[in-house]
Amino acid sequence: MRSLTSLLLVILSLLLVLSTTHVNAAPHWRNETKTSGRPAQEPKQDWGYVVVRPNANMFWWLYYSTQQPSDSVPLVLWLQGGPGGSSTGFGNFEEIGPLDVNQNPRDTTWVSVANVLFIDNPVGAGYSYVTADSAYTTNVSQIADDLLTCITAFFKKLPQFETIPFYIFSESYGGKMTAAFSQKLLQAIEAGKVKSNFKGFAMGDSWISPVDSVMTWAPYLRSTSLLDVNGYAAVQSLAEKTKAAFDQGHYTESTTLWGETEDAIEVNTDNVNFYNILQHNVPDEKMIKTASVFERLRHRHLDVYSNDALSELMNGPIKKKLGIPSSVTWGGQSGEVFEKQSEDFMKPVIDIVDNLITNSSLHVIVYNGQLDLIVDTPGTEIWVQKLTWPGLAHFNKTSWSPEYTTAHPTDTALFVKSYDNFAFFWILKAGHMVPADAGDAALLMLEMVIGSGKN
């Protein structure tokens, strides 16, 4: 009888947990300080899942700043690109987190000046996951809704961050998602649905106006001696077809032609690296011969966010540390995330950025790596000139200023130009992943934006 009573108590306890928690088949909110055997430089952390919709589970991971007290410095959210790249994996261990992929301390970690929050977004990226195919998102508006649900739960769980200055930093497709998310977050704050001291957002090498990027590829590569006359003609011809399909509203066709334009670039440049033009990649012959155009797009723009060392880390010790469900594989659903956005890929969000610069007090920042091709600086400058923001004429007349890092005080790290609530950073010696290529410059930019140190 005693055994039966004990069994009934266990069952009742489990039912209570299932009826009250907001996490489906996933870990509860957790908190961890340093654990034994970990590097001393690893700061205090929190992490958890939020069920943003039925069958849609979003994972976040917070690093408290090493500056003490941590509530004296801003909170920075990092959103990765892809779509389908993992913020908790790539952004964390390859770019701005306290440790690199080999678990060695990073000298240029953003945790040194801010509390840093990573969210695996959209659902299906990284440790985030869906349990039904219908739960994947298909456009940035849906992505923004999920992010709003996630950040709302985050602030409710950790209310000390509601009053701390909050900034969103992003990279690549993450910038497109950030623009849409920022708009919905601001609306929620103004409606009293979310409490947050939201200060601004930064879009790094971001897919804000895809056609403007594609149309500048041939001129950019020609000017950097990576295309000859014949190669230029081949790439430009396909770029114009991409734009024509876009102009007619044929967005899926435009996506396919975008992929064919990239194929032409690889053929005519000996496989230049789309993320840093100073590098050339060894082609994956099997992939090129057998894959469809869309599969090649996914290969170029999603696989870049993973490698063997990172996958082993995330599906091994990190997965164990975080208590991720055994059924979840880090990056296991990223391919589906990418494919579900195919109709939305080529659609711009210039209007959203324009509205936020013009009609809000948010600081809006654009930053671009000098050596990036996929979202090259000339293409970014073109869409910026399409803004209807009244301050654009004054911004254009303003001269940029050079900035230097403490580590290299005589070597120009970046140029910056700003007017009112808009700023543009040109990051030198960096490709698409700015913090990975130019960590000191990226950290300097962060400090300038959040006002925590140098300007």
Side-chain angles (χ1 to χ4, degrees), residues 25-27 30 32 34-43 45-49 57-63 78-111 116-130 171-174 273 275-276 279 281-284 286-287 291 295 298-338 431-433 435-437 439:
R30 296 175 179 266
E32 178 182 280
K34 301 167 193 172
T35 53
S36 60
R38 303 295 291 169
Q41 292 82 2
E42 194 171 13
Q45 300 156 47
D46 282 289
W47 60 80
Y49 275 92
N57 305 273
M58 187 167 280
F59 183 75
W60 60 268
W61 189 356
L62 169 73
Y63 288 88
W78 177 265
L79 294 179
Q80 209 67 51
S86 168
S87 298
T88 66
F90 194 91
N92 183 3
F93 293 107
E94 299 283 6
E95 297 194 86
I96 65 172
L99 302 175
D100 65 19
V101 72
N102 297 312
Q103 300 298 275
N104 296 318
R106 175 175 285 109
D107 293 336
T108 56
T109 177
W110 288 17
V111 176
V116 179
L117 173 64
F118 298 99
I119 295 179
D120 278 339
N121 159 80
V123 286
Y127 289 132
S128 294
Y129 66 96
V130 303
E171 184 176 85
S172 194
Y173 210 87
N273 187 342
Y275 301 95
N276 189 315
Q279 303 168 4
N281 291 329
V282 177
D284 183 341
K286 182 177 180 181
M287 185 278 293
E295 286 171 334
R298 184 179 63 188
H299 180 81
R300 293 187 196 106
H301 301 296
L302 191 57
D303 290 357
V304 69
Y305 290 107
S306 183
N307 55 59
D308 290 343
L310 183 59
S311 294
E312 290 175 5
L313 176 69
M314 299 303 289
N315 282 309
I318 300 301
K319 180 176 178 177
K320 181 178 180 181
K321 165 188 170 176
L322 301 177
I324 303 299
S326 59
S327 59
V328 175
T329 299
W330 178 84
Q333 296 180 336
S334 60
E336 287 81 358
V337 172
F338 188 89
H432 193 68
M433 284 76 172
D437 290 342

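Owing to the predicted nature of the structure, the values given are computational and were not obtained by experimental measurement. Positions are given from 1 along the sequence.
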request  = Might you confirm whether atom CG of Asn307 has over 12 heavy atoms from other residues, nucleotides or ligands at distances under 6.0 Å?
outcome  = yes
request  = Check whether any side-chain N or O of Ser128 sits under 3.5 Å from a backbone N or O of Phe59 as a donor-acceptor pair, and report yes or no.
outcome  = yes
ask   = side chain to side chain contact (heavy atoms under 4.5 Å, CB included) with Val130: which residues, sequence neighbours excluded?
value = Val123, Ala135, Tyr136, Gln333
message = Just so I know, are the side chains of Ile324 and Met314 near enough to count as touching, which here means a heavy-atom distance under 4.5 Å?
response = no
query = Do we see a donor-acceptor contact under 3.5 Å between the side chains of Ser311 and Trp330?
reply = no
task = Quick one: closest heavy-atom pair of Asn121 and Met58, and the distance?
result = OD1-CE, 3.9 Å
Heavy-atom pair with the smallest gap, counting every atom of Val111 and Pro43 = CG1-CG, 3.8 Å
key: Any residue meeting ring pair (Phe, Tyr, Trp, His ring centres under 6.0 Å) with Phe338, in chain and number order, not counting sequence neighbours   = Phe294, Phe345
ask   = Can you tell me how far OG of Ser326 sits from NZ of Lys319, rounded to the nearest 0.5 angstrom?
value = 6.5 Å
key: Sub-4.5 Å side-chain heavy-atom contact between Phe93 and Asn102   = no
Closest non-hydrogen atom pair between Arg106 and Gly97, with its separation = NH1-O, 2.7 Å
key: Flag for Asp120-Gln80: side-chain donor and acceptor within less than 3.5 Å   = no
query = Of all heavy-atom pairs between Glu95 and Pro435, which one has the smallest distance, and what is that distance?
reply = OE1-CD, 3.3 Å
ask   = Step by step, would you call Asp100 with Glu94 a side-chain contact (heavy atoms from CB on, under 4.5 Å)?
value = CA-CA 6 Å; Asp100 65 19; Glu94 299 283 6; over 6 Å; no
ask   = Looking at residues at least two apart in the chain, or sitting in another chain, which of them share a side-chain hydrogen bond (donor to acceptor under 3.5 Å, both in side chains) with Gln279?
value = Asn273
query = Is the distance between the ring centroids of Tyr49 and Tyr129 under 6.0 Å?
reply = yes
remark   = Looking only at heavy atoms, the pair that brings Asn315 and Tyr127 closest together is N-OH, 4.5 Å
request  = Using a 4.5 Å cut-off on heavy atoms from C-beta on, say whether the side chain of Gln45 contacts that of Lys321.
outcome  = yes
ask   = Looking only at heavy atoms, which two atoms of Asn276 and Gly431 are closest? And how far apart?
value = ND2-N, 4.1 Å
task = Using modelled atom types only, decide if a donor and an acceptor are shared between the side chain of Thr329 and the backbone of Gly332 within a distance under 3.5 Å.
result = no
message = With a 3.5 Å distance limit and no angle check, can you tell me whether Trp78 reaches the backbone of Asn92 through a side-chain donor-acceptor pair?
response = no
message = Which residue in the set Trp61, Trp60, Tyr63 passes side-chain contact (heavy atoms from CB on, under 4.5 Å) when paired with Leu117?
response = Trp60
task = Give the C-alpha distance, both sets of side-chain angles, the deciding distance and a yes or no for side-chain contact (heavy atoms from CB on, under 4.5 Å) between Met433 and Glu171.
result = CA-CA 7 Å; Met433 284 76 172; Glu171 184 176 85; 3.4 Å; yes
query = In Å and rounded to the nearest 0.5 Å, what is the OG1 to CD1 distance from Thr108 to Ile96?
reply = 9.5 Å
